[in-house]
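These notes concern the structure reproduced below.
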Amino acid sequence: MAVPKKPSLDGLEDAWSTRWEADGTYAFGGDRPRSEVFSIDTPPPTVSGSLHVGHVFSYTHTDTIARYQRMRGRDVFYPMGWDDNGLPTERRVQNHFGVRCDPTLQHDPGFEPPEKPPKRAVAVSRPDFVELCERLVAEDERKFEELWRHLGLSVDWSMTYTTVGVRAQRASQRAFLRTFARGEAYQAEAPTLWDVDFRTAVAQAELEDREMPGAYHAVRFARDGDPEGVVIETTRPELIPACVALVAHPDDERYQPLFGTSVRTPLFGLEVPVLAHELADPEKGSGIAMICTFGDLTDVTWWRELDLPTRSILGWDGRIEAEPPPELGDSDARRALWAELAGLTVKQAQQRVVELLAESGELVGEPKPVTHAVKFYEKGERPLEIVTTRQWYIRNGGRDSGLRAALLERGRELQWHPEYMRARYESWVEGLHGDWLISRQRFFGVPFPLWYPLDADGIPDHDHPLLPSEERLPIDPSSDVPDGYTEAQRGQPGGFAADPDIMDTWATSSLSPQIACGWEEDAAKFASTYPMDLRPQAHEIIRTWLFSTIVRAHLEFDGLPWRHASISGWVLDPDRKKMSKSKGNVVTPMATLEQYGSDAVRYWAVSGRPGTDTAFDEGQMKVGRRLAIKILNATKFALGVIGSDAAGPVDPAVVTVALDRALLADLASLVDEVTAAFEGFDYARALERTERFFWAFCDDYLELVKQRAYRDDGDAGAASARATLALALGVLLRLFAPHVPFVTEEAWSWWQEGSIHRSSWPEAAPVRAAASDVDAASYAVAAAVLGSVRKAKTESQRSLGTEAELVTVTDTAERLALLRAVVDDVREAARARRVDLVEDAASNEPVVAVELVPPDDA
RNA sequence: GGGCGCUUAGCUCAGCUGGAAGAGCGCCUCCCUUACAAGGAGGAAGCCGGGGGUUCGAGUCCCUCAGCGCCCACCA
């Protein structure tokens with residue numbers, strides 16, 4: 001392809017991404033042994049959300065690694081996944097189509113959503129709802145793919161998977177059934193963190209603390225023979241009806257006399273014991289607390305360890321139950337009291353209870369406002385409650401020190417980039433306080449693949465689930481029927497009932513290596529790609545995605561799912577706050593890519609060090625754009641000098657000039673350094689070193705050899721320059737290729753066959769061989785003198801094209817000798833008529849005196 | 001409360017195993033030069049957060065304090 005007169009970045013993205021697709025440039029071969037494959041466990045982006053520059057940032061990092069490994073000769077397995085599973089998709093579908101899922105409805109094969117979303121959501125069956133989810137995510141996925149192609153991700157698009165597709169469902173259900181068979185998955189009826197709006201259980205990993213206003217309410221419990229009673233402080237007075245005991249620290253002398261006695265709760269006057277437990281903090285409040293079922297996780301611990309009864313007053317909708325527990329409704333007075341509260345939300349109930357306490361005189365003083373941390377579901381809007389429900393769990397070491405130790409050991413086996421991110425994994429694993437709750441009371445997701453037999457009264461037998469054979473997977477138990485039953489028996493006494501729940505999205509995402517690599521679906525692919533080489537991801541999901549993936553691989557294969565984890569930082573907006581949609585400061589990535597060009601945006605992304613939060617910086621994109629243009633122009637210039645026959649291998653024997661050899665010696669060191677950086681997953685360092693070298697190469701070397709390289713054919717100096725230019729250009733373009741794939745491909749195409757992204761990574765040895773053993777310092781001295789001449793011209797406010805009458809360099813004999821070897825090039829580049837070298841043994845650095853020709857003589 | 005990271009030019013950040021303070025942006029001055037004016041050349045500008053140590057020598061290693069950010073924690 002010819003070198004254009006005026007190289008441009010415009011249109012490179014479309015032109016080359018089309019070409020790469022047509023040529024299968026990034027196709028995974030799949031025919032090579034595991035040792036020659038580099039496989040990447042790409043984070044599947046949530047398609048119901050929108051891509052923002054944060055995605056562009058971190059996916060570019062991974063892409064540079066993929067491209068480097070491909071050029072190193074590895075068969076790179078780099079699929080894309082779409083996370084279309086879970087609540088975000090459900091919510092989007094509800095809003096987009098104006099529907100809501102009613103799992104009691106039967107599937108309507110001919111269902112079509114209303115043209116325009118109605119005001120009142122239409123109820124649809126689960127299969128119909130899921131169908132709408134799939135329809136919507138397919139649209140989203142097309143948009144995402146377009147963006148990724150525009151950005152230049154070197155993904156093999158034929159390997160794409162989704163987290164709710166058939167393959168993912170099969171893998172997810174198969175893994176679950178095997179985990180269940182090994183006793184690593186179990187169900188239990190237990191207090192569970194519960195989101196009252198989504199009406200689903202929530203796992204520890206999905207919690208976040210939020211600072212909320214609240215108030216300490218001092219409340220008096222009555223005690224026989226003691227008019228003072230016992231005063232406790234609580235932020236949740238509405239839970240007084242659910243109080244089952246008071247608790248204080250065993251060493252607390254104030255309350256030791258009370259241990260073993262009982263007190264009566266305010267309002268309802270129920271008798272509850274006073275107990276001792278180490279978790280009670282004498283410093284907090286009055287040092288004695290009420291235990292309710294359940295106000296927080298500490299209540300759960302006390303309830304379990306002190307073997308207390310359950311007195312549940314909250315329903316799944318977050319309102320006080322209509323009917324009281326038996327002991328709260330055993331008198332007219334108590335029933336009347338209950339009626340005051342029944343049906344109220346937690347917030348309303350609190351207000352009413354405080355009023356009642358004030359009336360009864362059991363509220364001591366005024367409530368004291370405080371701000372305290374309250375647990376929320378990370379996607380939720382109201383504080384979590386704790387309700388007792390039947391749920392599925394997978395063992396993750398939260399209740400088993402042996403398993404926990406094994407998983408910590410896995411974390412130490414894994415190579416983290418940067419290394420210090422391991423600490424987050426360890427603190428998470430060490431802080432686990434229960435197994436992994438994987439069931440969700442939602443609709444769009446992978447269903448639990450089982451049913452329960454119903455007894456003669458229609459009550460399910462949870463201890464003896466009906467399991468499908470693996471060949472039947474994936475199944476939807478709400479429409480599929482267990483072996484030996486008929487559809488007519490669904491929900492009938494003596495028949496069966498489906499498990500109504502779906503799995504948590506992480507229960508499927510945690511199998512991304514298995515899904516992507518074709519576990520139990522494609523034995524050859526699995527053997528050549530698993531365990532994978534690299535898991536790239538952001539730091540905030542170490543506790544979810546990274547940890548759960550390690551758990552599943554450990555349980556299923558007794559090994560790590562990958563060897564390396566590279567942890568990217570966040571993109572901050574220019575005010576240093578985390579960019580997020582809710583803050584309204586998200587930048588649309590496509591507009592940015594089109595404005596600056598993909599290579600320029602990638603340049604900005606790559607300049608963010610591994611693991612480091614990085615500000616969105618358009619200035620860096622401008623710099624990247626300039627670099628991209630410079631690469632085109634420098635290539636154009638070099639090719640103009642060396643001619644079109646430069647594509648072939650360079651004969652190192654032709655490189656005879658000291659300056660050229662010195663340049664190559666430096667270049668060989670650069671190759672070593674950049675290669676080492678990439679081996680350590682430090683793309684940022686790789687770019688920074690390459691870029692620094694390149695600008696100096698343009699400013700100094702190209703200027704120094706310009707005249708010599710233009711000499712006639714047959715001139716040994718010209719041949720040396722041309723050979724060096726060809727060698728250096730080939731190396732530099734390839735060092736840049738992982739970072740700025742479009743512009744390097746364009747420049748490469750002007751003189752080389754095939755894609756640069758399929759060319760081999762530069763090796764230092766041949767470059768060093770061509771350099772012979774020349775002292776690289778002569779290049780530095782030459783560049784320094786040239787710089788001094790430029791400075792003199794600039795300070796005289798003269799053009800750089802101005803000729804110099806005389807350039808005098810004063811320096812030690814040693815450095816003058818270095819300079820003497822390259823002085824012809826220096827003279828020509830400086831446009832000097834004469835260069836004098838003056839020896840001064842005491843000189844610390846070259847002193848350059850420049851005598852320019854008079855202005856009118858130019 | 002525990003842990004991790006950060007603190008270098010006005011701004012954003014490099015400085016790997018200790019050896020004479022760096023880049024880009026911004027600012028100032030200049031230059032159409034046969035690769036590049038959506039360019040290029042040059043310049044000003046830093047007690048490398050504070051305080052101790054180790055060393056011939058510390059931005060770099062150790063201790064300590066402070067500020068910022070994040071992760072984790074059974075936060076009545």
Side-chain angles (χ1 to χ4, degrees), chain A residues 3 6-7 9 209 211 214 216-217 232-236 239 246-248 277-281 284-292 295-302 370-375 418-433 539-540 542-543 569-570 572 574 576-578 604 607-609 611-615 617-620 622-627 629-641 673 676-677 680 682 684-685 688-689 691-692 695 698-699 702-703 706 710 787 789-802 831 844:
Chain A
V3 181
K6 178 113 180 125
L9 300 178
D209 285 351
E211 288 293 327
Y216 281 121
H217 300 76
I232 61 108
E233 289 196 358
T234 178
T235 54
R236 303 206 56 186
L239 291 179
L246 297 189
V247 65
H277 194 279
E278 287 83 15
L279 278 183
D281 183 352
K284 257 176 215 155
S286 56
I288 186 162
M290 70 170 181
I291 303 174
C292 304
D296 62 25
L297 290 172
T298 318
D299 280 345
V300 177
T301 306
W302 280 326
V370 290
T371 302
H372 61 149
V374 178
K375 288 195 188 310
E419 176 79 25
Y420 62 74
M421 287 292 178
R422 177 184 288 114
R424 301 197 177 194
Y425 175 88
E426 298 198 339
S427 61
W428 172 252
V429 177
E430 283 161 1
L432 287 170
H433 54 240
H539 51 61
E540 83 272 19
I542 289 174
R543 67 176 184 173
W570 282 330
L572 309 173
R576 311 300 297 161
K577 283 175 289 213
K578 187 193 174 188
W604 157 75
S607 64
R609 312 313 273 194
T612 305
D613 295 346
T614 302
D617 185 353
E618 295 182 277
Q620 278 296 98
K622 289 178 186 164
V623 175
R625 186 173 176 87
R626 220 176 43 163
L627 171 68
I629 293 170
K630 190 83 170 178
I631 288 172
L632 291 180
N633 282 317
T635 303
K636 178 189 165 198
F637 166 70
L639 294 182
V641 173
E673 200 174 4
D682 193 345
R685 176 185 292 264
E688 193 256 331
R689 296 304 144 96
E691 187 193 8
R692 184 196 298 172
W695 281 100
C698 291
D699 289 349
L702 291 186
E703 295 300 329
K706 202 180 260 185
Y710 274 129
V789 174
R790 274 199 291 251
K791 184 172 173 177
K793 290 179 181 177
T794 299
E795 283 175 350
S796 308
Q797 306 197 345
R798 303 288 295 279
S799 150
L800 291 180
T802 306
R831 302 187 180 232
N844 292 321

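Every heavy atom of this structure was used, including side-chain atoms; hydrogens, water molecules and symmetry mates were not. Chain A is the first sequence line, chain B the second, and so forth, proteins listed ahead of strands; every chain is numbered from 1.
The P atoms of G26(B) and C65(B) are separated by 42 Å, rounded to the nearest whole Å. Spacing of C1' atoms, G57(B) relative to C30(B), comes out at 41 Å, to the nearest Å. Taking the C1' atom of each, C56(B) and C13(B) are spaced 33 Å apart, rounded to whole Å. Taking atom C1' on both nucleotides, G46(B) is separated from A21(B) by 8 Å, rounded to a whole Å. Rounded to whole Å, the P atom of C4(B) lies 26 Å from the corresponding atom of A9(B). For the P atoms, the distance linking C61(B) with G5(B) amounts to 12 Å, nearest Å. Distance check on atom C1': A45(B) versus C31(B) gives 23 Å, rounded to whole Å. Remark: the separation of the C1' atoms in C47(B) and G59(B) is 12 Å, to the nearest Å.
For Tyr710(A) and A35(B), the shortest distance from a side-chain N or O to OP1 or OP2 is below 4.0 Å.
Cys292(A) comes within 4.0 angstrom of nothing in the nucleic acid, heavy atoms only. Nucleic acid contact for Gly680(A): none, since no nucleic acid atom lies under 4.0 Å from a heavy atom of the residue. Among the atoms of the strands shown, base atoms are found under 4.0 Å from some heavy atom of Ile288(A). Base engagement by Ala280(A) is indicated by at least one non-hydrogen atom pair under 4.0 Å involving a base atom. Counting non-hydrogen atoms under 4.0 angstrom, Glu233(A) reaches a base of the nucleic acid. Among the atoms of the strands shown, only primed sugar atoms or phosphate atoms (P, OP1, OP2) are found under 4.0 Å from some heavy atom of Thr234(A).
We find that NE2 of His372(A) is positioned 16 Å from P of C74(B), with the value rounded to whole Å. Taking atom NZ on Lys793(A) and atom C1' on C30(B), their separation rounds to 14 Å, with Å as the unit. If you measure from atom OH of Tyr216(A) to atom P of A76(B), you get 6 Å, rounded to the nearest angstrom. Distance Glu618(A) CD to C11(B) P: 20 Å, rounded to the nearest Å. Atoms CD (Gln797(A)) and C1' (C30(B)) sit 6 Å apart, rounded to a whole Å. Rounded to an integer number of Å, the gap from CG of Asp617(A) to P of G26(B) is 11 Å. Atom CG in Asp613(A) sits about 12 Å away from atom P in G69(B), given to the nearest Å. Atom CG in Asp682(A) sits about 15 Å away from atom C1' in U17(B), given to the nearest Å.
For Leu9(A), the side chain to side chain contact (heavy atoms under 4.5 Å, CB included) partners are Leu12(A), Arg625(A), Ala628(A), Ile629(A), Leu632(A), Val743(A), not counting sequence neighbours. Residues satisfying the side chain to side chain contact (heavy atoms under 4.5 Å, CB included) criterion with Leu800(A), sequence neighbours excluded, are Arg790(A), Lys793(A), Thr794(A). Taking Ala676(A) as the reference, nothing meets the side chain to side chain contact (heavy atoms under 4.5 Å, CB included) condition, with sequence neighbours excluded. Scored by the side-chain hydrogen bond (donor to acceptor under 3.5 Å, both in side chains) test, Glu430(A) finds no partners at all (sequence neighbours excluded). Scanning for salt bridge (Lys or Arg N to Asp or Glu O under 4.0 Å) contacts around Glu419(A) gives Arg422(A), with sequence neighbours left out. Listed by chain and residue number, nothing satisfies the side chain to side chain contact (heavy atoms under 4.5 Å, CB included) test with Ala423(A) (two or more places apart in sequence, or in another chain). Legend: residues meeting side-chain hydrogen bond (donor to acceptor under 3.5 Å, both in side chains) with Trp302(A), ordered by chain and number and at least two apart, are His277(A). In this view, Arg626(A) satisfies the side-chain hydrogen bond (donor to acceptor under 3.5 Å, both in side chains) rule with no residue, not counting sequence neighbours.
Minimum atom distance to the side chain of Arg685(A) is reached by G15(B), of the listed G15(B), A76(B), G24(B). Checking A76(B), A35(B), U29(B) against the side-chain heavy atoms of Glu703(A) singles out A35(B) as nearest.
The pair Glu703(A)-Lys706(A) meets the salt-bridge criterion, with a side-chain N (NZ, NE, NH1 or NH2) lying under 4.0 Å from an Asp/Glu carboxylate O. The pair Lys622(A)-Glu618(A) does not count as a salt bridge, with every side-chain nitrogen at least 4.0 angstrom from each carboxylate oxygen.
Note: Asp299(A) CG to Met290(A) CE = 8.0 Å, rounded to the nearest 0.5 Å. Atom CG of Leu627(A) and atom CD of Glu691(A) lie 5.5 Å apart (nearest 0.5 Å).
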For this session: Between protein and nucleotides 37-46 of chain B, map the contacts as a letter string: B base, S sugar-phosphate only, - none, heavy atoms under 4.0 Å, written 5' to 3'.
Result: S-SSBSS---

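At least one side-chain heavy atom of His539(A) sits under 4.5 Å from a side-chain heavy atom of Asp613(A). Here the side chains of Arg236(A) and Cys292(A) are not in contact, with every heavy-atom distance at 4.5 Å or above.
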Problem set entry | Pairing string, 5' to 3', for RNA chain B - Watson-Crick or wobble contacts under 3.5 Å, brackets [ ] where pairs cross, | to another strand | (((((((..((((.....[..)))).(((((.......))))).....(((((..]....))))))))))))....

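Taking both residues in full, the closest heavy atoms of Gly285(A) and Glu233(A) are given as CA-OE1, 3.6 Å, listed atom of the first, atom of the second, then distance.
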Atom pairs under 3.5 Å, N or O on each side, protein against nucleotides 71-73 of chain B: can you list them with distances?
| unit_1 | atom_1 | unit_2 | atom_2 | d |
| --- | --- | --- | --- | --- |
| C72(B) | OP1 | Arg543(A) | NE | 3.2 |
| C72(B) | OP1 | Arg543(A) | NH1 | 2.9 |
| C72(B) | O2' | Ser427(A) | O | 3.3 |
| A73(B) | OP1 | Gln204(A) | NE2 | 3.0 |

Restricting both atoms to N or O, compile the protein contacts to nucleotides 5-9 of chain B shorter than 3.5 Å, with distance only.
none

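Nearest-nucleotide mapping onto RNA chain B: of Val623(A) and Ala638(A), the residue sitting toward the 5' end is Val623(A). Along RNA chain B, the nucleotide nearest Glu673(A) and the nucleotide nearest Met421(A) are compared for position; the residue whose nucleotide lies closer to the 5' end is Met421(A).
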Exercise. Where do Tyr216(A) and Thr234(A) land on the side chain to side chain contact (heavy atoms under 4.5 Å, CB included) test, with the steps shown first?
Worked result: CA-CA 5 Å; Tyr216(A) 281 121; Thr234(A) 178; over 6 Å; no

